[in-house]
Amino acid sequence: MGMLDGKVALVTGAGRGIGRGIALLLAREGAAVVVNDLGTALSGEGKDESVAQQVVAEIQGFGGRAVANTESVADYAAAGRMVEQALEAFGRLDVVVNVAGILRDRMIFNMTEEEWDAVSAVHLNGTFNVCRQASALMRQQGSGRIINFSSVSAWGSPGQPNYAAAKYGILGLTAVLANSMAKYNVTANAILPYATTRMIDSTPRGQEFARVHGKPPSELAEGTEGDPANVAPMVAFLATDEAAGINGHFFGVRGYTISIYSHWELAAVLRKEGGWSPAEIAEVFPSTIGPLLDLPEPVELPGHDRPVRGTAAMQANPSSWREIAPGIQLWERRVYYDAKR
Ligand SMILES: NC(=O)c1ccc[n+]([C@@H]2O[C@H](COP(=O)([O-])OP(=O)(O)OC[C@H]3O[C@@H](n4cnc5c(N)ncnc54)[C@H](O)[C@@H]3O)[C@@H](O)[C@H]2O)c1
């Protein structure tokens, strides 16, 4: 008995990395899977149909049900054909996971229009295309699960203006889906993952690792915390009937860690009857909202190219963690601020 017996899922970018791990786990939990992957290079160039077909063969190898789709999510009509393929092959579509992605990293002042367009086309337009096509069906059937892939790069990764903007856009789109589709029993949530895939191989840290170890990190990830398969359980959970009440949230999933972001909740409100002058804001801001901007000094951590900031720096303090059950640790931002008061 799997947690997804009888369900049908479409996973984009499911031929490699995180998407592959998701397709395999959804199938092991009993879902029939449309395995979409264009089979491109990391830059989005080229096409290789065997990438999706290989994952289909793996799923069929353990007795699961899957079909390959090798079209691009950047093509609106092709996204429609992905949904139709699920209906033709398996008779329904319950779960959509948008994982497909590429990188064209460049500093903003050097980025070409083509680099901007290529990344937006796959991430933001691609996620829209598949969500748009699938949501019409889910609205009709009165049920569905949508899980979109964003990234912490959205918070401002310096060399990724195209990728960060698209990934922030995906959060906005996910929030809209959550609010507009709830009445049709459709949930939409986003994942901000981290896993040692070829995306990580392309970073300066990944390249340094390859120089020292003679192999890119992704080739040594299997069975470690960085194994992309570790992102899949949270996605599979969100796809189940048990997760019906979880809607419109952004989860970080990194190795053995599952996090929730609360950045869109109000942290404090200042109100002055009749309105403000700039000088009045300058006077009260430092002692009211100001302390909330007061993040710890960046700290150096092993395995990071540069000092970590923000909540990652807060978590570096071991005493900010609580053991809530043997082997299970909990860190909460609230506790950090309570301790500062
Ligand atoms: N690896 C990480 O640490 C990390 C961190 C943050 C976000 N992400 C996001 O997670 C997702 C998966 O990343 P990954 O590291 O597994 O990458 P990956 O490169 O290993 O896999 C991405 C897959 O998407 C496919 N693809 C690319 N363009 C496509 C298109 N137009 N249509 C269909 N398929 C296409 C590729 O062929 C590839 O197999 C991406 O959206 C990525 O931006 C990854």
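Both counts, for ligands and for their atoms, begin at 1 and track the order of listing. No hydrogens, no waters, no symmetry mates; every other heavy atom, side chains included, goes into these values. Not measured: the values here are computed from a predicted model.
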request  = Can you sort out which atoms of ligand 1 are near G13, meaning under 4.0 Å from one of its heavy atoms?
outcome  = 23 (C), 24 (O), 25 (C)

V99, any N or O under 3.5 Å of ligand 1 N or O = yes

Any S150 heavy atom less than 4.0 Å to ligand 1 = yes

inquiry  = Does either side chain, that of T174 or that of N148, offer a donor lying less than 3.5 Å from an acceptor on the other one?
reply    = yes

request  = Would you please say whether a donor-acceptor pair under 3.5 Å links the side chains of E45 and S43?
outcome  = yes

query = With no hydrogens and no angle check, is any side-chain donor or acceptor of N110 less than 3.5 Å from a backbone partner on R106?
reply = no

ask   = Under 4.0 Å from any heavy atom of G17, which atoms of ligand 1 are there?
value = 16 (O), 20 (O)

note = closest protein heavy atom to atom 34 (N) of ligand 1 is L38 N, 3.3 Å

query = Less than 3.5 Å between some nitrogen or oxygen of L42 and one of ligand 1, yes or no?
reply = no

request  = Around atom 31 (N) of ligand 1, find the nearest protein heavy atom and jot down its residue, atom name and distance.
outcome  = S72 OG, 3.0 Å

Residue R198 excluded, over 12 heavy atoms near CZ under 6.0 Å = yes

inquiry  = In this structure, does ligand 1 have an atom that sits under 4.0 Å from one of the heavy atoms of R20?
reply    = no

query = Got a sec: does the NZ of K47 have more than 12 other heavy atoms crowding it under 6.0 Å?
reply = yes

message = The test is salt bridge (charged side-chain N to carboxylate O under 4.0 Å, His left out); show your working for R254 and E225 and say whether it passes.
response = CA-CA 8 Å; R254 180 186 182 109; E225 186 165 358; over 6 Å; no

Closest candidate by heavy atom, reference atom 39 (O) of ligand 1, pool V55, V152, D37 = D37

From the candidates R198, M82, K167, the one that places a heavy atom nearest atom 18 (P) of ligand 1 = R198

message = Quick check on contacts: which atoms of ligand 1 are under 4.0 angstrom from a heavy atom of I102?
response = 27 (C), 28 (N)

task = Look at atom CD of E297 and say whether more than 12 heavy atoms of other residues, nucleotides or ligands are closer to it than 6.0 Å.
result = no

ask   = Identify the closest protein heavy atom to atom 5 (C) of ligand 1: which residue and atom is it, and at what distance?
value = P193 O, 3.1 Å

message = Minimum distance, heavy atoms only, to atom 22 (C) of ligand 1: which one of A121, A52, G101 is it?
response = G101

Any A195 heavy atom less than 4.0 Å from ligand 1 = yes

key: E283, CD: over 12 other non-hydrogen atoms inside 6.0 angstrom   = no

Sub-4.0 Å heavy-atom contact, G126 with ligand 1 = no

Contact with ligand 1 for R254, non-hydrogen, under 4.0 angstrom = no

Non-hydrogen atom of G39 closer than 4.0 Å to ligand 1 = yes

task = For the pair E332 and R322, evaluate salt bridge (charged side-chain N to carboxylate O under 4.0 Å, His left out) and give the outcome as yes or no after the intermediate values.
result = CA-CA 9 Å; E332 292 170 279; R322 283 186 296 140; 2.9 Å; yes

key: Test item: I59 and L24 side chains (from C-beta on) under 4.5 Å apart, heavy atoms   = yes

task = Using distance alone, determine whether G15 and ligand 1 share an N or O pair under 3.5 Å.
result = no

ask   = What about Y194: any of its N or O atoms under 3.5 Å from an N or O on ligand 1?
value = no

remark   = In ligand 1, the atoms that come under 4.0 Å of a heavy atom of Y163 are 6 (C), 7 (C), 8 (N), 9 (C), 42 (C), 43 (O)

Test item, V73 contacting ligand 1 (heavy atom, 4.0 angstrom) = yes

request  = Please report which non-hydrogen protein atom sits nearest to atom 35 (C) of ligand 1, along with the residue it belongs to and the distance in Å to one decimal place.
outcome  = A100 CB, 3.6 Å

inquiry  = Heavy-atom count check: over 12 atoms from other residues, nucleotides or ligands less than 6.0 Å from E222 CD?
reply    = no

query = Is there a donor-acceptor contact under 3.5 Å from the side chain of H123 to the main chain of I102?
reply = yes

query = Do E115 and N162 have a side chain donor and acceptor closer than 3.5 Å?
reply = no

remark   = Near F149 (heavy-atom distance under 4.0 Å), the atoms of ligand 1 are 10 (O)

ask   = When the aromatic ring centroids of Y261 and W155 are compared, is their separation below 6.0 Å?
value = yes

key: Heavy-atom nearest neighbour in the protein, as seen from atom 15 (O) of ligand 1, with distance rounded to 0.1 Å   = T197 OG1, 2.4 Å

key: Atoms of ligand 1, numbered as shown, that sit under 4.0 Å from any heavy atom of N36   = 33 (C), 34 (N)

task = Would you mind running through ligand 1 and noting each atom that sits below 4.0 Å from a heavy atom of I200?
result = 3 (O)

note = Taking only non-hydrogen atoms of S151 and a 4.0 Å limit, the atoms of ligand 1 in range are 6 (C), 7 (C)

message = For K183, is the NZ atom crowded, meaning more than 12 foreign heavy atoms sit under 6.0 Å from it?
response = no

query = D201 and S218: side-chain donor and acceptor closer than 3.5 Å?
reply = yes

task = Kindly confirm or rule out an N or O of I18 lying under 3.5 angstrom from an N or O of ligand 1.
result = yes

